[in-house]
Every structure is written in C-alpha cells, then in structure tokens.
K.L.:
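Right, I'll just put the structure down here and ask away after.
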Amino acid sequence: MSQQVIASTAKKARKLSAPEIAEIEHEMTLYPDKKAVGLEALKIVQKHQGWVSDESLLGIAKYLDIPVADLEGVATFFNLVYRQQVGKNVILFCDSVSCWIMGCEGIKGHIKEQLAIDYGETTEDGDFTLIPVPCLGDCDRAPVMMVGPDLHRNLTPEKIDSIIADYKNK
Amino acid sequence: MVANPLTKNIDMSRPPLDIAAYEANDGYQSLHAIAKGLSPDDVLELVKGSGLKGRGGAGFPTGLKWSFVPKGENSPAQKYLVVNADEMEPGTFKDRLLMEGDPHLLLEGMIIAAYTIQASKSYIFLRGEYTVSEKVLRNAIKEAYEKGYLGKNILGTGFDLDIIMHTSAGRYICGEETALLNALEGKRANPRAKPPFPQVSGLWGKPTIVNNVETICNLPGILTYGVDWYHGLTKGNDHGTKLFGVSGKVKTPGCWELPLGLPIRELLENYAGGMQDGLELKGFLPGGGSTDFMLPEHLDIALDYDEIAKVGSRLATGTMIVLDDRTCPVGMVGNLMKFFAHESCGFCTPCRDGLPWVDQIFRDFENGQGSEKDLQILHDHVTYLGPGRTFCALAPGATAPLGSGLKYFKEDFEKHITEKRCSYKH
Ligand SMILES: Cc1cc2nc3c(=O)[nH]c(=O)nc-3n(C[C@H](O)[C@H](O)[C@H](O)COP(=O)(O)O)c2cc1C
Ligand code: SF4
Ligand code: FES
C-alpha cells in the first residue's frame with residue numbers, strides 16, 4: 001500500500017519468530033533460490049504480525065540474505081503487502097466496473113458513514129481498515145467486498161450493517 | 001455424450017467432488033490412457049488437432065504454443081508449466097468458478113499439459129484474494145499425491161510431477177505472462193522483453209508454458225472423449241465450449257458453459273434473462289474490461305473469436321459487461337481508466353504517465369469540467385497508448401474501451417461538456 005521507504009538504516013532487523021521461520025523454510029523447498037521466496041516471506045510475516053514493519057522487512061532480508069532494496073521493491077509493488085499498520089479486519093472493497101454499474105459507490109458511502117473512515121484509513125478502535133480492490137471475480141453478484149478472507153456478495157446498506165456488527169463481535 | 005465438459009461436475013450448492021467421486025465420473029481417465037502408451041508427441045497432436053485456443057484473453061492456439069518448447073536430449077532438462085490463475089480483468093469471473101467448483105479437472109489438465117512438454121514442476125499462480133480456491137485446490141493436490149497421480153513415476157510412466165501453489169499479492173500486471181514469471185522469481189512484476197519467448201526461455205531461464213485455467217480445463221475432455229467429440233461441441237468456427245458470463249443490470253447475471261458460436265443474443269436474453277425491467281441495452285464489453293464496446297445492433301453476431309474480431313472487438317475472456325441506458329457510458333469508461341491507471345506497472349512512459357492523465361480527465365468530465373480540448377487529448381491517447389507503443393499489452397487493453405467508447409458514445413461526452421455536468425446523475 002504505502003510508498004514509504006525505510007527511513008533510517010538505524011532501524012534494527014527484527015528476529016523472525018520460530019513459526020515464521022518454519023513456514024519460510026517450507027517455502028524455500030519449493031523454489032530453486034531464496035530470492036523467489038521474498039514475497040511468500042512477506043506474506044507469512046504479515047499473516048503473523050498483521051502488517052510488514054521496517055523491522056520485519058529488514059529481518060526477512062537478513063534471513064533470506066537478499067538486498068533490502070530488492071525486497072522493499074517487491075513489498076511496495078504489491079497492493080496486498082501492508083507497509084503500514086492495518087486494523088484487525090481489512091475490508092477489500094471492489095470498485096471495478098461491474099460493481100460500479102451495480103451501485104458500489106452508494107455502498108461505499110454507507111460504509112464511510114458507518115465506520116467514519118475513507119479508503120486507506122483505519123477506524124479509531126482499530127477494528128477495520130478500508131481499501132479499494134480491483135474486480136474480485138464475482139461480478140454476477142455485485143457489489144462485493146472481502147472482509148479478511150471472507151467474501152460478501154450482493155451488498156446492500158442493511159447487509160453492510162450486519163456484516164460490521166458480526167466482525168465487531170468476533 | 002457429454003456436452004458441458006468444463007462444468008459437468010460443478011454444483012456450487014455443495015462442496016466440489018472429492019477424488020473418488022471425480023474419478024467415478026470419467027475423471028483421471030486420461031492418465032490411464034497415457035500410462036497405456038500415449039507419448040508426449042501423441043498428446044501434442046491430439047491437442048493441435050482439437051483446435052483449442054487459449055482462454056486467457058489472446059486466443060492463441062494451445063497446441064502450437066506447446067510445440068515451441070524445445071525437446072530431446074539437448075534441451076534443458078528442467079521445464080516448467082505455469083497455470084495463470086491471476087484472474088483480475090474487470091468483469092471477469094470464470095476461472096474462480098472452475099477452481100472452486102471442480103479442482104481435480106484443473107489438476108488433471110495440468111498433468112496432461114506438463115506430461116506433453118515434459119515439465120516436472122508446475123506452479124499455480126493464484127490470485128491472493130481467491131482464498132476459497134486456494135483451500136479447495138490445496139486439498140485436491142493432497143488427494144492427487146495420495147493417489148499417485150502426482151509425485152514420482154506417475155502410474156509407472158517414469159514421468160514425475162510436482163504441483164506448487166503460489167498465491168500472489170494483488171497486481172493486475174502479474175496476469176501478463178512474462179510479468180507473472182518475474183513475480184514467481186521474486187522480482188517486481190514488470191513484463192519482460194519478447195523474444196525470447198517463455199516457451200524457450202521462461203521461468204529461471206528454462207522453457208516454460210503459461211496457460212490460463214480454463215484452457216487447461218479443456219484438456220481432460222479432449223483426451224478422454226476424443227478430438228471428434230470435441231469438434232462436435234461447437235456451433236461455430238472455433239472449437240469447444242467456453243464459459244460465458246454476464247454482469248451488469250440484467251435479470252439473472254451469471255456464468256454458463258456454452259458451445260462457442262451461439263449468437264450473443266441467446267446468452268444475453270435466454271441465459272442472463274434480458275435487461276432488468278425498464279432498462280434498455282446501450283452497449284456491452286464482450287470479454288472483460290480490455291475489450292471494445294459492442295452495440296445492440298451486434299447482438300446477432302456469434303460468440304466466436306473471429307466473428308467478434310470482425311466488428312473490431314475481442315471475445316477475450318468471454319465475460320460480458322452490460323451497459324444500460326441509465327448508466328453513464330462516460331462514467332463506465334472512466335471507472336475502467338482509473339483501474340488501468342492504478343494497475344500500470346510504471347515501466348514505460350506512455351502507460352505510466354498517460355493513463356493517470358486520462359484518468360484525471362475522466363474525473364474532470366464527471367465533475368462537469370471536461371472541455372473540447374480534453375476530448376482531443378483522450379482521442380490522442382487512443383493512439384499514444386495503442387499497440388506497438390508500449391512495452392506490454394496493458395495500455396493497449398485500456399485503449400479498447402476508451403477508443404470504442406469515444407466513438408460510440410460521442411454524444412454523451414459532448415453532453416458532459418455542454419451541460420457541464422453528468423446528466424445521468426439525478
Ligand atoms: C495486463 C494483462 C493481464 C493479463 N491477465 C491475465 C489473467 O489474469 N489470466 C490469464 O489467464 N491471462 C491473462 N493475461 C494473458 C496472458 O498474458 C497470457 O496470454 C495467457 O495467460 C496465456 O494463456 P492461454 O494461452 O491459455 O490463453 C493477461 C495479459 C495482460 C497483457
Ligand atoms: S504498458 Fe504499462 S503495464 Fe505494460 S510495461 Fe508499460 S507501464 Fe508496465
Ligand atoms: S467488478 Fe466487482 S467483482 Fe468484478
């Protein structure tokens with residue numbers, strides 16, 4: 001998401017946790033070199049930490065022995081690698097063409113009202129971050145969005161209200 | 001005979017078939033045929049003979065593509081098969097259905113393709129957001145290993161194959177096959193120069209075939225039921241069936257497997273139920289966001305690669321996006337331009353700088369600030385971003401709805417300028 005680069009090389013690499021290392025090691029068996037595991041490692045760390053901090057990124061680069069700049073280049077390239085802290089639940093809101101035709105802008109307005117956040121922002125209680133995402137491949141049930149790993153279809157304002165309530169209680 | 005080979009096992013109201021149920025419905029028979037002595041060259045001939053064309057967008061003949069892979073003792077020992085499951089083209093929702101609905105069909109197809117080009121490793125490059133597909137496929141892969149259909153010396157053929165799942169992290173450009181290879185190698189996903197083509201020098205410099213999910217899912221039927229059966233499926237010039245989708249304000253949006261060659265009208269009226277009450281069809285993109293608009297007068301054209309090309313558009317992914325008479329065409333094209341501008345990989349100047357400019361002009365139109373000069377700039381970009389002027393096909397893809405939109409909905413653009421507002425907004 002963020003275009004920010006590591007501001008200070010004074011930052012220290014975080015030592016990766018044992019479960020993170022185990023998963024990264026497994027990925028290393030599937031590719032012929034370490035560089036190829038960079039994105040997988042970023043995703044593994046994000047799964048455990050919620051996002052990829054500068055310290056985590058340095059930690060991965062060190063562990064895989066790949067240049068920090070290369071890894072940062074990959075991290076900033078991909079929409080779903082979060083280089084800033086995100087909320088407990090990330091809402092990926094489809095704003096592509098079929099959802100647009102089916103009125104996703106109104107639905108987005110409703111979310112914005114209910115959660116008091118716009119794209120790229122996190123609610124004050126840290127429960128939700130709202131991010132736009134290209135076509136989620138469910139255009140026949142537009143408008144659609146994901147909350148965490150779950151897909152929600154045929155969205156209406158009422159549905160949004162109950163979805164928000166469900167995840168708040170989780 | 002089977003008329004819907006891609007979806008015969010799919011029923012989204014229940015979980016997908018497990019390996020035993022899949023096998024009970026003719027599944028994995030092609031592997032037994034291979035084990036009985038079908039050589040890689042035999043399979044290649046069958047696939048060439050079938051006339052199968054790639055379903056990823058470009059429609060390139062699959063057998064021909066495979067035939068470019070070097071073979072024999074002097075060719076590199078390691079070859080790769082990569083399945084392009086990065087579906088992110090706006091308005092496209094077909095590969096998800098195949099993966100979630102019948103994962104073993106994809107795996108069987110992958111084994112056939114990998115055997116033909118003698119690739120011992122295959123990656124599924126899956127869109128990260130497709131969490132259900134990932135789960136379903138991982139489970140199916142496990143079943144296939146347990147059954148001995150994956151791993152070493154498959155069914156005593158001496159052929160080894162590992163299938164590896166790679167989930168991406170959200171960038172449309174990763175669907176472009178050479179950008180996809182860079183992403184798999186852990187690099188920024190900028191496209192590569194061609195030649196060399198991936199068939200000769202692809203993943204880690206080795207011969208590599210990249211095929212779309214739906215393309216691969218055609219293979220089991222061709223081997224199991226034969227080329228003659230496959231040729232009997234079509235109602236037009238191109239062979240086989242295809243997944244066709246319709247989204248937008250129709251009565252029953254959805255995705256269906258139909259023979260190639262049916263009239264567009266049949267898809268729109270019989271399957272998608274026609275337009276919602278009170279709405280008229282104004283136009284449609286026949287195969288996702290990178291295709292040219294077509295008009296109601298084109299409804300009797302066949303859903304066929306060559307027929308649609310004759311009116312200046314492309315069948316591409318076969319998933320149609322419908323524009324009705326109460327939705328602003330300028331807004332629709334603007335939405336697509338925002339997508340393309342955001343997803344430009346930034347490698348070449350016309351695309352990196354041109355698309356955001358185009359996007360900004362559409363925002364101005366939306367706010368009633370569009371001018372005749374802006375309109376000229378949009379027209380100019382249809383040329384500047386067109387085929388041959390950029391490093392890959394992303395930007396030319398954007399010019400498809402842009403150029404055709406400017407042509408067919410000229411009055412709507414003009415009206416935004418003269419009325420200084422979007423008259424579709426109430
Ligand atoms: C910007 C861009 C995005 C693409 N996205 C996809 C995609 O998501 N899935 C896909 O199969 N092909 C996609 N393609 C087409 C691929 O480059 C490639 O042609 C295709 O995977 C080949 O498979 P096929 O021969 O089986 O059709 C894309 C092409 C471009 C230029
Ligand atoms: S056309 Fe766009 S997406 Fe393709 S290489 Fe150039 S900048 Fe990247
Ligand atoms: S446009 Fe929203 S899911 Fe396809």
Side-chain angles (χ1 to χ4, degrees), chain A residues 1 27 29-44 46 52 64 66 70-82 90 92 94-105 131-146 148-151 154, chain B residues 78 87-97 121 123 127-132 162 164-172 174 183-190 204 245-249 252-255 272 285 288-289 319 321-324 327 331-332 335-336 338-339 342-343 345-346 401:
Chain A
M1 281 308 293
E27 289 298 327
T29 64
L30 306 177
Y31 297 83
D33 67 28
K34 286 181 176 177
K35 187 180 175 113
V37 182
L39 177 61
E40 300 287 355
L42 288 163
K43 289 177 63 185
I44 288 166
Q46 180 161 299
V52 181
L64 293 177
I66 54 179
D70 284 2
L71 190 65
E72 178 74 307
V74 170
T76 52
F77 191 86
F78 287 94
N79 297 330
L80 300 179
V81 175
Y82 308 138
V90 175
L92 296 178
C94 176
D95 66 350
S96 283
V97 65
S98 306
C99 287
W100 179 82
I101 291 171
M102 300 308 284
C104 72
E105 287 193 330
I131 297 175
V133 71
C135 179
L136 284 170
D138 239 322
C139 325
D140 53 341
R141 283 171 284 193
V144 304
M145 68 178 189
M146 293 181 77
D150 314 319
L151 196 60
N154 295 318
Chain B
Q78 183 68 63
E87 185 164 79
M88 212 193 282
E89 175 86 10
T92 300
F93 50 104
K94 63 182 189 72
D95 296 340
R96 178 201 279 280
L97 178 73
K121 268 200 177 161
Y123 291 89
R127 186 170 180 195
E129 291 92 329
Y130 279 16
T131 50
V132 176
D162 284 313
I164 298 153
M165 176 77 87
H166 175 96
T167 58
S168 190
R171 260 330 264 275
Y172 170 63
C174 292
L184 262 179
E185 291 183 13
K187 299 175 182 155
R188 284 171 77 86
N190 298 116
W204 293 291
V246 182
S247 67
K249 292 193 174 167
T252 52
C255 187
L285 303 175
T319 41
I321 309 161
V322 169
L323 170 69
D324 57 272
T327 298
M332 176 171 169
N335 176 281
L336 289 162
K338 181 181 65 168
F339 163 81
H342 187 261
E343 294 302 321
C345 83

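Basis for what follows: all heavy atoms, side chains included, without hydrogens, waters or symmetry-related copies. Every chain is numbered from 1 and lettered A, B, ... according to where its sequence line falls, protein lines coming before strand lines.
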K.L.:
Between B:Gly289 and B:Ile321, which heavy-atom pair has the shortest distance, and what is it?
P.N.:
N-CD1, 4.0 Å

K.L.:
Quick one: does B:Arg171's side chain get under 4.5 Å of A:Asn79's, heavy atoms only?
P.N.:
yes

K.L.:
Of the listed residues (B:Lys338, B:Glu87, B:Met88, B:Met332), which shares the most heavy-atom pairs with chain A below a 4.5 Å separation?
P.N.:
B:Met332

K.L.:
Show, in sequence, the C-alpha distance, side-chain angles and deciding distance for A:Thr76 and B:Arg188, and conclude whether the side chain to side chain contact (heavy atoms under 4.5 Å, CB included) test is met.
P.N.:
CA-CA 9 Å; A:Thr76 52; B:Arg188 284 171 77 86; 3.6 Å; yes

K.L.:
Select one option (side chain, backbone, both, neither) describing which atoms of B:Ala189 are under 4.5 Å from chain A's heavy atoms.
P.N.:
both

K.L.:
Check whether B:Thr167 gets within reach of chain A through its side chain, its backbone, both or neither, counting any heavy atom under 4.5 Å.
P.N.:
both

K.L.:
Using heavy-atom distances under 4.5 Å, tell me whether A:Gln46 contacts chain B through its side chain, its backbone, both, or neither.
P.N.:
neither

K.L.:
Any idea which of B:Ala183, B:Ser168, B:Gly346, B:Gly245 has the most non-hydrogen atom pairs under 4.5 angstrom with chain A?
P.N.:
B:Ser168

K.L.:
Side chain, backbone, both or neither: which part of A:Leu42 has an atom under 4.5 Å from a heavy atom of chain B?
P.N.:
neither

K.L.:
Heavy-atom cut-off 4.5 Å, strictly under: side chain, backbone, both or neither for B:Asp324 against chain A?
P.N.:
side chain

K.L.:
Does the side chain of B:Glu89 reach to within under 4.5 Å of the side chain of B:Tyr172, using non-hydrogen atoms?
P.N.:
yes

K.L.:
Would you give the length of the straight line joining atom CG of A:Leu80 to atom NZ of A:Lys43, rounded to the nearest 0.5 angstrom?
P.N.:
8.0 Å

K.L.:
Is there side-chain contact between A:Asp140 and B:Val246, with at least one heavy-atom pair below 4.5 Å?
P.N.:
no

K.L.:
Counting only heavy atoms closer than 4.5 Å, note whether A:Asp138 contacts chain B via side chain, backbone, both or neither.
P.N.:
both

K.L.:
Measure distances from B:His342 to the heavy atoms of chain A and classify the residue's part below 4.5 Å as side chain, backbone, both or neither.
P.N.:
side chain

K.L.:
Identify which part of A:Val37 has an atom lying under 4.5 Å from any heavy atom of chain B, answering side chain, backbone, both or neither.
P.N.:
neither

K.L.:
Do B:Tyr123 and B:Leu184 pass the side chain to side chain contact (heavy atoms under 4.5 Å, CB included) test, and can you show the C-alpha distance, the side-chain angles, and the key distance before you say yes or no?
P.N.:
CA-CA 9 Å; B:Tyr123 291 89; B:Leu184 262 179; 4.0 Å; yes

K.L.:
Given A:Glu27 and A:Ile44, is the side chain to side chain contact (heavy atoms under 4.5 Å, CB included) satisfied, shown in steps?
P.N.:
CA-CA 10 Å; A:Glu27 289 298 327; A:Ile44 288 166; 4.0 Å; yes

K.L.:
Between A:Cys94 and A:Cys104, what is the shortest heavy-atom contact and its length?
P.N.:
O-SG, 3.8 Å

K.L.:
Can you tell me how far SG of A:Cys99 sits from CZ of A:Arg141, rounded to the nearest 0.5 angstrom?
P.N.:
11.5 Å

K.L.:
Taking side chain as C-beta onward, heavy atoms only, is B:His166 less than 4.5 Å from A:Tyr31?
P.N.:
yes

K.L.:
Pick one of side chain, backbone, both or neither for B:Glu185, based on which atoms fall under 4.5 Å of a heavy atom in chain A.
P.N.:
backbone

K.L.:
Under a 4.5 Å heavy-atom cut-off, does chain A meet the side chain of B:Thr92, its backbone, both or neither?
P.N.:
backbone

K.L.:
Can you tell me which portion of B:Cys174 sits under 4.5 Å from chain A's heavy atoms? Options are side chain, backbone, both or neither.
P.N.:
side chain

K.L.:
Checking B:Ile164 against chain A: side chain, backbone, both or neither under 4.5 Å from a heavy atom?
P.N.:
side chain

K.L.:
Do B:Leu336 and B:Pro90 have side-chain heavy atoms sitting under 4.5 Å apart?
P.N.:
yes

K.L.:
Where on A:Lys35 is there a heavy atom nearer than 4.5 Å to chain B: the side chain, the backbone, both, or neither?
P.N.:
both

K.L.:
Who wins among A:Pro134, A:Ala142, A:Gly38 for the most heavy-atom pairs under 4.5 Å with chain B?
P.N.:
A:Pro134

K.L.:
Identify which part of A:Leu136 has an atom lying under 4.5 Å from any heavy atom of chain B, answering side chain, backbone, both or neither.
P.N.:
both

K.L.:
I'd like to verify something: which residue of B:Tyr130, B:Phe339, B:Trp204 has the highest number of heavy-atom pairs under 4.5 Å with chain A?
P.N.:
B:Trp204

K.L.:
Among B:Gly331, B:Cys255, B:Ala272, which residue forms the greatest number of heavy-atom pairs with chain A at distances under 4.5 Å?
P.N.:
B:Gly331

K.L.:
Quick one: closest heavy-atom pair of B:Gly248 and A:Ile101, and the distance?
P.N.:
CA-CG2, 4.2 Å

K.L.:
Counting only heavy atoms closer than 4.5 Å, note whether A:Asp33 contacts chain B via side chain, backbone, both or neither.
P.N.:
side chain

K.L.:
Quick one: of B:Ala169, B:Gly254, B:Gly91, who has the most non-hydrogen atom pairs under 4.5 Å with chain A?
P.N.:
B:Ala169

K.L.:
Any side-chain heavy-atom pair from B:Thr319 and B:Phe93 closer than 4.5 angstrom?
P.N.:
yes

K.L.:
If you count heavy-atom pairs under 4.5 Å with chain B, which of A:Leu39, A:Leu71, A:Leu151, A:Leu30 comes out on top?
P.N.:
A:Leu30

K.L.:
What part of A:Leu92 is in contact with chain B, defined as an atom under 4.5 angstrom from a non-hydrogen atom: side chain, backbone, both or neither?
P.N.:
side chain

